[in-house]
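Each remark here refers to the structure printed beneath this line.
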Protein chains: 2
Amino acid sequence: MKQSSAIHAQIRRDIEAQIMAGDWKPGDRIPYEHQLMATYGCSRMTVNRALRALIEAGLLESRRRAGTIVSHPRVQRAALEIPDIRDEVAGLGETYRLHLDRREIRAATAEDRRLLQIEEGEVLALECRHDAGGRAYALERRLINLAAVPEAAAIDFAAEPPGSWLLAHVPWTEAEHRITAFNAGAKELVALGISAGAACMALERWTWRGDERITYTRQVYPGDRYALVARFRP
Amino acid sequence: MKQSSAIHAQIRRDIEAQIMAGDWKPGDRIPYEHQLMATYGCSRMTVNRALRALIEAGLLESRRRAGTIVSHPRVQRAALEIPDIRDEVAGLGETYRLHLDRREIRAATAEDRRLLQIEEGEVLALECRHDAGGRAYALERRLINLAAVPEAAAIDFAAEPPGSWLLAHVPWTEAEHRITAFNAGAKELVALGISAGAACMALERWTWRGDERITYTRQVYPGDRYALVARFRP
DNA sequence: GACTCAATAATGTATATACATTAATTGAAG
DNA sequence: CTTCAATTAATGTATATACATTATTGAGTC
């Protein structure tokens, strides 16, 4: 029994339950605040607090004078959580190890500029391999925009995975993911120890802070032994 | 300028901005509520409302007597939005078309029971193909637990994609996704019109309502012309 | 120093009240 | 019947206040 016994929490749970049970369907109007006041014998502020939480959560919508209705579920809000590779390996009970294959600070090349959407400047380019239990788990290539994150130039990414460091130290406002499947080429064949033409999964991620792009990364996983799995709530 | 001019919204934006700018780092204590009252010249209820919203959003944590601190970013909250296939195709400016290849109501087989975690009962099994602009876009296989969603038995899924119908009509409390890459077999070769051994992406999804599994689906996309793309905020 | 316990200071919850804002409804004028 | 303005009923925001809850602080004791 960890649930709060606060009135607002109770109202919230009750309304959520009614919606989940299908008693109140999308588009239905739920009771007015003054009716809920009477039902629960509490003040409007308390009812309002419960409703506002459900509105922020996207379960309800309200319009002045018209009342509050159950939202139509928005498909695109189904969200897939993408874990940190080091945590993920640890979660499998395997020993994690990072191999830094390349680390270079350079003036942005044409491709760097395209991926980070910058006019000029320096980037930190990294290439590494994530191992789990002595076996290759994923390949990662990463660009960090040093104009946005100058302190990254001083970090030893042979010790801490770049993704873990960035997510722990740099707040971000927006990101974009791109997941694709492709047939392994010579590079993956050698580095991941898979057969020619085997299906691989590529996960690319761009991360912003405000208008500025912080980092770009492309991670490659062997398709036959990797699944991107995530559990989530709406 | 769509942002609210309410005081609580302003406080919320200001705090968020301070965190994003790095002025307040994870673990730092932000000003006490009574200090923010003084800063903004408003009541504690108003300050509290702003803070509560940020706490629910996971940006802050608070402890009685100790104050409110900036949360340590939780990596696993990076979330990938997965769009509805029909909307996705429409968003590409292509004409969407659904081909229902198979529709069967049957007593759950051993595999159905495993995928839906049921002891017995009837399931609705569907197999369909999603086309975009006259070309195969994805294959879908779906199981619907008729004990959980009896009304699905009466729906004409040749007209409305099963995923669109379910998400619009059945609220869910939890879901799990699994994304894998694999080499195309004979089935994909014919149905998607791709070459033997080409990399494909499979997206599986289980959806719960409470303890009950509502549906299982497996969608297959051709790897060379499909990317799962999503933009999101933390 | 180590333990106990009371005082204190922060957040958590709830109330009664007030006025603002919005949109549905009503009623009057054409 | 249509149009337009006034009324009204709902939510949105904000305040001042009160008491509950809890972790820290600090004083007193062994």
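Letters go in sequence order (proteins before strands), and every chain restarts at 1. On a predicted model such as this, the values are computed, not experimentally measured, just so you know.
If you take OH of Y40(A) and P of dA14(C), they are 13 Å apart, rounded to a whole angstrom. Between the CZ atom of R44(A) and the C1' atom of dA14(D) there is a distance of 12 Å, rounded to whole Å. Rounded to an integer number of Å, the gap from CD of Q35(A) to P of dA9(D) is 14 Å. Rounded to a whole Å, the CG atom of N48(B) is 12 Å from the C1' atom of dA14(C). The nearest whole Å value for the distance from the CD1 atom in I7(A) to the C1' atom in dG12(C) is 13 Å. Between the P atom of dT11(D) and the CZ atom of R49(B) lies a distance of 14 Å, rounded to the nearest Å. The distance between atom CZ of R64(A) and atom P of dA23(C), rounded to the nearest whole Å, is 8 Å. The separation between H34(A) atom NE2 and dT15(C) atom P is 17 Å, rounded to whole Å.
No contact: L51(A) has no heavy atom under 4.0 Å from any strand.
Ranking dT15(D), dT11(D), dT24(D) by closeness to the R63(B) side chain, first place goes to dT24(D). Checked against dT15(C), dG12(D), dA14(C), the side chain of A6(A) finds its nearest nucleotide in dA14(C).
In the model, D14(A) has no side-chain atom that pairs as donor or acceptor with a side-chain atom of Q18(A) under 3.5 Å.
Taking a 6.0 Å sphere around CZ of R135(A), one finds it holds 12 or fewer heavy atoms contributed by other residues, nucleotides or ligands.
Taking 3.5 Å as the limit, the base of dT8(D) and the side chain of R65(A) contain a donor-acceptor pair of atoms between them.
The side chain of S62(B) places no N or O atom within less than 4.0 Å of a non-bridging phosphate oxygen (OP1 or OP2) of dA10(C). In terms of phosphate contacts, T46(B) brings a side-chain nitrogen or oxygen within less than 4.0 Å of OP1 or OP2 of dT15(D).
Between A66(B) and G67(A), the residue whose closest nucleotide on DNA chain D is further toward the 5' end is G67(A). Mapping M45(A) and Y32(B) onto DNA chain C via the closest heavy atom, the residue that lands nearer the 5' end is Y32(B).
Of the listed residues (E140(A), R205(A), E204(A)), just one forms a side chain to side chain donor-acceptor pair (under 3.5 Å) with T217(A), and that residue is E140(A). Screening T207(A), L166(A), V123(A) for a side chain to side chain contact (heavy atoms under 4.5 Å, CB included) with I144(A), the sole residue that qualifies is L166(A).
No side-chain heavy atom of N145(A) sits less than 4.5 Å from a side-chain heavy atom of I214(A).
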